[in-house]
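As structure tokens, the structure follows; a few thoughts come after it.
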Amino acid sequence: NAGVMQNPRHLVRRRGQEARLRCSPMKGHSHVYWYRQLPEEGLKFMVYLQKENIIDESGMPKERFSAEFPKEGPSILRIQQVVRGDSAAYFCASSPLQGSNNEQFFGPGTRLTVL
Amino acid sequence: GDSVTQMEGPVTLSEEAFLTINCTYTATGYPSLFWYVQYPGEGLQLLLKATKADDKGSNKGFEATYRKETTSFHLEKGSVQVSDSAVYFCALSGGQGAQKLVFGQGTRLTINP
């Protein structure tokens, strides 16, 4: 069973460009979470999605950031008009069931660098 | 809101030393508690978890006990190895019925041979 897959692993963008980060959850998992890790910091929750629904976006910046998890295909985290402060590692995690004691399985992350 | 506070790093130990990384939390309700480990350039891997008070999570020689009275979940290992060098994150979920993980700031551990 393949783990959580994220691509690209590394992404370089210039200020003002768009960044699209993709996450394919583990097979059979219908819950996806996105987290952001700034250098030398812990992970901060951004958004929680189930298939076709955003369940909790309380950690998502109000502007320029959006996320989706369509019925078919990977979950996408989209950052429009990137700024230097968006440089970070973005991790996706998936879980099979709802419930706070269910383990979240993490992908390897996408490291975004904004020039 | 919910929060997790971890022992400041970095921590450097010699091989076979005893390890403790302190973790305390603030949460409403009855959260589940986790320790995750991150090796260089990789994502996070679950190391152990505990879902209710007095539960002990254990894996690969690491242990942590869910202490409700002191709101703590300290990570311990009796004899560390060079391969244990990594960043360790304490986390909780479900404190306010939420599914998201709330992480501490991480503790970088280096083990010297």
Would you say A:Q104's side chain and B:Q99's backbone share a donor-acceptor pair under 3.5 angstrom?
yes
So how far is it from B:S93 OG to A:Y33 OH, rounded to the nearest 0.5 Å?
8.0 Å
What part of A:Q37 gets closer than 4.5 Å to chain B, counting heavy atoms only: side chain, backbone, both or neither?
side chain
In this structure, CZ of A:F91 is separated from CD of B:E42 (nearest 0.5 Å) by 10.0 Å
Decide if atom CD of A:Q17 counts as having more than 12 heavy atoms of other residues, nucleotides or ligands within a radius under 6.0 Å.
yes
Same apolar cluster (I L V M F W Y, side chains within < 4.5 Å links), A:M26/A:Y90
no
Contact class of A:F105 relative to chain B, heavy atoms under 4.5 angstrom
neither
State, yes or no, whether a side-chain contact exists between A:L43 and B:L101 at a heavy-atom distance under 4.5 Å.
no
Please check this pair: side chain of A:Y35 against backbone of B:F103, looking for a donor-acceptor N/O pair closer than 3.5 Å.
no
Just checking B:M7: does its CE atom have more than 12 heavy atoms from other residues, nucleotides or ligands closer to it than 6.0 angstrom?
yes
Below 4.5 Å, heavy-atom pairs only: which of B:G104, B:G41, B:G106 has the largest tally toward chain A?
B:G41
Please indicate whether A:R64 has more than 12 foreign heavy atoms, meaning atoms of other residues, nucleotides or ligands, lying under 6.0 Å from its CZ.
yes
Atom NZ of A:K51: over 12 foreign heavy atoms under 6.0 Å
yes
Identify the two heavy atoms, one from B:K100 and one from A:S58, that lie closest to each other, and give their separation to 0.1 Å.
NZ-OG, 3.6 Å
Can you tell me if B:E16 has over 12 outside heavy atoms packed within less than 6.0 Å of its CD?
no
Can you get from A:F45 to B:V87 by hopping between Ile, Leu, Val, Met, Phe, Trp and Tyr side chains that sit under 4.5 Å apart?
yes
Counting heavy atoms not belonging to B:E69, are there more than 12 under 6.0 Å from its CD?
yes
Tell me, out of A:C92, A:A93, A:G42, A:G107, who's got the most heavy-atom pairs with chain B below 4.5 Å.
A:G42
Of the backbone (N, CA, C, O) and the side chain (C-beta and beyond), which part of B:Q45 lies under 4.5 Å from a heavy atom of chain A, both, or neither?
neither
